[in-house]
2 protein chains.
Amino acid sequence: MSNEQALKQYDAKKYRTPDGYTSDIAVFTILSEKAEPFKPPVMDLHIMLIKRSMTDSEGRPNIEAGKWALPGGFVAPEESAFQSAQRELREETGVSQIHLEHFGVYDTPGRDPRGWIISNAHYAIVPEHHLASREANDDASEVELFSVKDVLELDLAFDHAQIIRDAIEVIKQKLLETTAAKEFLPKEFTYSELQAVLLTVTNDSAIALDAAFARKIKSLPFIQEVEGKKTTRTSKKPTQLYRFIEIEVNNSIYHTKKQ
Amino acid sequence: MSNEQALKQYDAKKYRTPDGYTSDIAVFTILSEKAEPFKPPVMDLHIMLIKRSMTDSEGRPNIEAGKWALPGGFVAPEESAFQSAQRELREETGVSQIHLEHFGVYDTPGRDPRGWIISNAHYAIVPEHHLASREANDDASEVELFSVKDVLELDLAFDHAQIIRDAIEVIKQKLLETTAAKEFLPKEFTYSELQAVLLTVTNDSAIALDAAFARKIKSLPFIQEVEGKKTTRTSKKPTQLYRFIEIEVNNSIYHTKKQ
DNA sequence: TGAATAGTGTCTGTAAGACAGTATCTA
DNA sequence: TAGATACTGTCTTACAGACACTATTCA
């Protein structure tokens, strides 16, 4: 009894099938406010949204026209949603080789007025400088960065308010529970730069207090001092540079962090 | 320009659509080896699989017949994959109200010979005693529990080997990085019972050594002593009982565990 | 010299890890 | 009383958190 025999008799149309499969991407970046010389950065976490056009490519009225939405699109049968997200991201921002990860599926019946459409949601971490070129593009009026603090006040398409809420929770968790902060930073960074990234998602005193964090960074097993290398980009006093090292982080709640 | 107008002109058939949307469930349970009186348990993590029948309900040869597979099935248009997984789980095991969570999507082109079929994968944690009845069922010959140590040596249907590999990684992580272990335990438990659950996924000495773990359990912020309550089910000397308390666990790699 | 950033010194307390010793019960 | 499990005592070492103090540079 082979699969060939079974396939011959299989009829996909027997079952009701979805009307579409899409990938949506929550693109996060960090904008540094007032990058004055000899000043540590103050950062704010932003998410990239597009404004849905009033008409589609063929000139007909568009669904959810005029609303803000996550970039994304229909997945083709010959690709995975992840590949689709990579493609969309490259098309939208010209950026490839960046951190992209699945974080959820949205399939509540009725979530899309066009029918039974399943969305596979991803988040991406794009360093600030990669979006500089993007912002200067032709259709820049249709693409904008919003602080995660007020993005949810917008008029958002479909169930994207929920997806964005979830994405924000996910990136907060990833920044604090994994070494994902390195995706926002240059290869070598100062304690105050890492601190600025983390302060976009937490207010904890252990991170917010300079002296405490400057001391802590030296004991973190996944961060290494770049010996003898300093910079003056954040202060007049030359500051020690650090880098992330590739080790597995033990995040067990039953273990000590010390490794 | 309303959505109604736009919808009138929308034609789902313009795009190629998926041939199916399924939910698969990796059902985990823990079996206690030799539950002798006055002995702490020795546990082993198991996963529930079904053997695909040779013919379908209409007597025709089945796809991937005779292979072992995750329970699951086609999602109906009026439900979410999560609801579908809940339903399947109830039908398969008679259990509801258990821990069930999405952990991934499987959509690689060609993963299912029947066509473009997207699988939404979940894992479930089912305490041992809930499966006792299940195992006595009529079609028990088609359902079996396998130790996660050797489940991957089976002949598995579709890409279920990959899904199961991922599910095992996920449950290992969840057991160590969240309080999910409570789903396998009675409400009140001894240190050696919690220890036995954790030892199914780690060998770390901080957990494996009795004295160390007996002391550590008292300092864990999410576990509470049940004052004055002891049991003799694991030893002749009455043993202190503990329970999980509902607090948010701070799992940041930049913070101390102390809360 | 003052202002700003980046640290270090020092103290107190908590906890980890190792290992030996003690407590409680059943058969 | 032996044997098994469940702890506790004690010691050493490490780091966390708080707060004051020092270091380095530019304007």
Side-chain angles (χ1 to χ4, degrees), chain A residues 32 34-43 188-196 199 202-223 225-242 250 252-259, chain B residues 32 34-43 188-196 199 202-223 225-242 250 252-259:
Chain A
S32 296
K34 50 173 182 184
E36 291 169 44
F38 309 120
K39 284 272 185 188
V42 177
M43 298 181 172
E188 300 181 346
F189 52 89
T190 69
Y191 89 92
S192 61
E193 289 169 336
L194 172 57
Q195 187 185 30
L199 285 178
T202 184
N203 296 313
D204 191 285
S205 71
I207 288 174
L209 299 176
D210 288 348
F213 194 71
R215 176 159 291 156
K216 177 178 305 241
I217 197 171
K218 286 185 224 155
S219 69
L220 295 173
F222 48 88
I223 291 183
E225 223 177 273
V226 185
E227 272 182 58
K229 222 169 161 195
K230 306 205 171 201
T231 182
T232 55
R233 66 174 176 255
T234 62
S235 102
K236 292 166 184 171
K237 174 174 177 182
T239 309
Q240 179 60 51
L241 285 169
Y242 297 88
N250 177 1
S252 159
I253 59 178
Y254 301 101
H255 289 75
T256 318
K257 259 149 217 186
K258 193 168 51 176
Q259 300 209 331
Chain B
S32 296
K34 50 174 183 183
E36 290 168 45
F38 308 120
K39 284 272 185 186
V42 177
M43 297 179 171
E188 301 181 344
F189 52 88
T190 69
Y191 89 92
S192 61
E193 288 169 336
L194 172 57
Q195 186 184 32
L199 285 178
T202 184
N203 295 313
D204 191 284
S205 70
I207 288 173
L209 298 177
D210 287 348
F213 194 72
R215 176 159 291 156
K216 176 178 304 240
I217 197 171
K218 285 184 224 154
S219 70
L220 296 173
F222 49 86
I223 291 183
E225 223 177 273
V226 185
E227 272 181 59
K229 221 168 160 196
K230 306 206 171 200
T231 181
T232 56
R233 65 175 176 253
T234 62
S235 103
K236 291 166 182 171
K237 174 174 177 183
T239 309
Q240 180 61 51
L241 285 170
Y242 297 89
N250 177 0
S252 158
I253 59 178
Y254 302 100
H255 289 73
T256 318
K257 260 147 214 187
K258 192 169 50 177
Q259 298 212 331

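Keep in mind that the numbers below use all heavy atoms, side chains included, and drop hydrogens, waters and symmetry copies.
Across all strands shown, B/Thr234 has heavy atoms under 4.0 Å from sugar-phosphate atoms exclusively, and none from any base. A/Thr190 comes within 4.0 angstrom of nothing in the nucleic acid, heavy atoms only. A/Pro238 comes within 4.0 angstrom of the backbone, heavy atoms only, and of no base. Nucleic acid contact for A/Ala206: sugar-phosphate only, since backbone atoms but no base atoms lie under 4.0 Å from a heavy atom of the residue. Among the heavy atoms of the strands lying under 4.0 Å from A/Lys218 are primed sugar atoms or P, OP1, OP2 only; no base atom is included.
Rounding to whole angstrom units, CD of residue B/Glu36 and P of D/dG3 are separated by 17 Å. Counting to the nearest Å, the C1' atom of C/dC25 and the CZ atom of B/Arg233 are 17 Å from each other. Between the P atom of C/dG17 and the CG atom of B/Asp210 lies a distance of 15 Å, rounded to the nearest Å. Taking atom NZ on A/Lys230 and atom P on D/dT24, their separation rounds to 9 Å, with Å as the unit. For the pair B/Glu225 CD and D/dC7 P, the computed distance is 9 Å after rounding to whole Å. Separating the CZ atom of B/Phe189 from the P atom of D/dA6 is a distance of 14 Å, rounded to the nearest angstrom. In this entry the distance linking CD1 of A/Ile207 with P of D/dA16 reads 12 Å, nearest Å. Summarising the geometry, the separation between OH on B/Tyr191 and P on D/dT5 is reported as 9 Å, rounded to the nearest angstrom.
Across every non-hydrogen atom of B/Gln240 and B/Val226, the tightest pair is NE2-O, 2.7 Å. B/Thr239 and B/Ser235 make their closest contact through OG1-OG, 3.6 Å (heavy atoms, listed as atom of the first residue, atom of the second, distance).
In this structure, the nucleotide among D/dT5, D/dC7, D/dA16 sitting nearest to the side chain of A/Ser219 is D/dA16. Minimum atom distance to the side chain of B/Lys236 is reached by D/dG3, of the listed D/dG3, C/dA6, D/dA6. Nearest nucleotide to the side chain of B/Lys39, out of D/dA6, C/dT5, D/dT5: D/dT5.
When side chains are defined from C-beta on, B/Leu194 counts as touching B/Phe213, because their heavy atoms get closer than 4.5 Å. Contact of the A/Glu193 side chain with the A/Arg233 side chain is registered, since non-hydrogen atoms from C-beta on lie closer than 4.5 Å.
OP1 or OP2 of D/dA6 has at least one side-chain nitrogen or oxygen of B/Ser192 nearer than 4.0 Å. In this structure, A/Lys216 reaches the D/dG17 phosphate: one of its side-chain N or O atoms is under 4.0 Å from OP1 or OP2.
Taking 3.5 Å as the limit, the base of C/dT10 and the side chain of A/Arg215 contain a donor-acceptor pair of atoms between them.
A rotation axis mapping the C1' atoms of four pairs onto the next four is fitted at both ends of the helix from C/dT1-D/dA27 to C/dA27-D/dT1 over five pairs, and the angle between these axes is 10° to 10 degrees.
The residue among A/Leu209 and B/Phe38 whose nearest nucleotide of DNA chain D is located toward the 5' end is B/Phe38.
To the nearest 0.5 angstrom, B/Phe189 atom CZ is 5.5 Å from B/Ile217 atom CD1.
Taking the six-membered ring for Trp and thresholds of 30 and 60 degrees, B/Tyr254 and A/Phe222 have ring planes more than 60 degrees apart, a perpendicular arrangement.
No donor-acceptor distance shorter than 3.5 angstrom exists from the side chain of B/Thr231 to the backbone of B/Lys229, with no hydrogens or angles considered.
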